[in-house]
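Values below: all heavy atoms of this structure, side chains included; hydrogens, waters and symmetry mates excluded. Here is the naming used below: chain letters follow the sequence lines, and residue numbers restart at 1 for every chain. On a predicted model such as this, the values are computed, not experimentally measured, just so you know.
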2 protein chains.
Amino acid sequence: MKPIVTFIKEKRRALKLSQVELAFKSGVGLRFVRELEQGKTTLRLDKVNQVLALFGKQVGITDLDHVEEEEN
Amino acid sequence: MKPIVTFIKEKRRALKLSQVELAFKSGVGLRFVRELEQGKTTLRLDKVNQVLALFGKQVGITDLDHVEEEEN
DNA sequence: TCAAATCATACCCGATAAGGTATAAATATT
DNA sequence: AATATTTATACCTTATCGGGTATGATTTGA
């Protein structure tokens with residue numbers, strides 16, 4: 001399972017968006033996008049979803065990665 | 001995809017835990033467990049993970065449910 | 001190599017999440 | 001039915017998230 005952090009970074013760059021643009025398009029603050037991409041763990045769920053929605057994703061339940069199988 | 005809310009409620013009851021016990025075992029406040037099970041969307045990510053960890057789960061990326069296929 | 005764009009870090013402020021607790025409502029147990 | 005357990009609602013306080021912004025670092029590209 002790919003961490004949210006890396007998913008967002010990859011997806012954003014794939015779409016050639018800057019953090020500023022991503023912030024604007026998703027309606028969150030720039031600060032938030034930065035903290036998000038830097039792996040801050042105390043973010044608010046709804047804000048994270050707000051960003052993920054831009055990529056057709058949302059937060060959901062996944063297995064706890066102990067050893068980690070990969071995919072995607 | 002099962003919403004986090006329902007997953008937690010189901011899992012907790014399956015393990016015959018009260019909200020109080022769940023709160024204690026996961027190390028979050030009782031209030032948090034309540035708000036979590038009532039679908040509050042502004043919760044902090046790390047706290048949600050703290051609870052999910054008890055069930056071997058964590059928060060991750062899932063598809064946005066438009067029409068919703070079921071499973072599980 | 002220099003300039004421009006992008007990103008990281010740090011500060012302040014207002015809003016609110018989280019915890020604690022108390023009480024009421026609802027469920028379960030006897 | 002009466003009681004005990006569990007859950008919901010409400011109030012208060014503290015800590016901090018999120019936004020804004022400014023500055024410095026890093027990356028990109030001309």
Take atom [atom1] of [X] and atom [atom2] of [N], then tell me their distance rounded to the nearest Å.
X: B:Gln50; N: C:dA18; atom1: CD; atom2: P; value: 11 Å
X: B:Phe32; N: D:dT16; atom1: CZ; atom2: C1'; value: 15 Å
X: B:Leu36; N: C:dG19; atom1: CG; atom2: C1'; value: 15 Å
X: A:Arg12; N: C:dA5; atom1: CZ; atom2: C1'; value: 13 Å
X: B:Glu37; N: C:dA18; atom1: CD; atom2: P; value: 15 Å
X: A:Ile8; N: C:dC7; atom1: CD1; atom2: P; value: 14 Å

Do [X] and [Y] come within less than 4.5 Å of each other through their side chains, counting heavy atoms only?
X: A:Leu52; Y: A:Phe7; value: yes
X: A:Val48; Y: A:Phe32; value: yes
X: B:Leu64; Y: A:Lys57; value: no
X: B:Leu36; Y: B:Val5; value: no

Determine, for B:Glu21 against B:Lys16, whether the closest basic-nitrogen to carboxylate-oxygen distance falls under 4.0 angstrom.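 So B:Glu21 does not pair with B:Lys16 through a salt bridge.
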B:Glu35 and B:Arg31 ion-paired at < 4.0 Å: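 Looking at B:Glu35 and B:Arg31, the cut-off is met.
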Evaluate A:Leu17 against A:Phe24 for side-chain contact (heavy atoms from CB on, under 4.5 Å), listing each step before the verdict. CA-CA 10 Å; A:Leu17 296 174; A:Phe24 179 73; over 6 Å; no
Is the side chain of [X] donor-acceptor paired with the backbone N or O of [Y] at a distance under 3.5 Å, no angle test?
X: A:Thr62; Y: B:Gln58; answer: yes
X: B:Thr6; Y: B:Lys2; answer: no
X: B:Asn49; Y: B:Val59; answer: yes

Strictly below 4.0 Å, heavy-atom distances to any atom of DNA chain D: list the hits from residues 17-29 of chain A, or just say none.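 Hits under 4.0 Å, by residue number: A:Val28, A:Gly29.
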Counting only heavy atoms and a strict 4.0 angstrom limit, can you tell me which residues of residues 38-47 of chain B come near DNA chain D? B:Gln38, B:Arg44
For A:Arg34, which residues count as a side-chain contact (heavy atoms from CB on, under 4.5 Å) partner, sequence neighbours excluded?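 Once residues adjacent in sequence are excluded, the partners of A:Arg34 under the side-chain contact (heavy atoms from CB on, under 4.5 Å) criterion are A:Gln19, A:Leu30, A:Gln38.
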Between protein and nucleic acid, restricted to nucleotides 21-30 of chain C and to nitrogen or oxygen atoms under 3.5 Å apart, what atom pairs and distances do you find?
none

Rounded to 10°, tell me the angle between the two end axes of the helix from C:dT1-D:dA30 to C:dT30-D:dA1, each built from five pairs.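 That helix gives 60° between its end axes.
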Evaluate the side-chain contact (heavy atoms from CB on, under 4.5 Å) criterion for residues A:Ile8 and A:Val51: first the C-alpha distance (whole Å), next the side-chain angles of each, then the deciding distance (0.1 Å), finally the verdict. CA-CA 8 Å; A:Ile8 300 226; A:Val51 175; 3.7 Å; yes
Using the salt bridge (charged side-chain N to carboxylate O under 4.0 Å, His left out) criterion, which residues pair with A:Glu37? Sequence neighbours excluded. A:Arg12
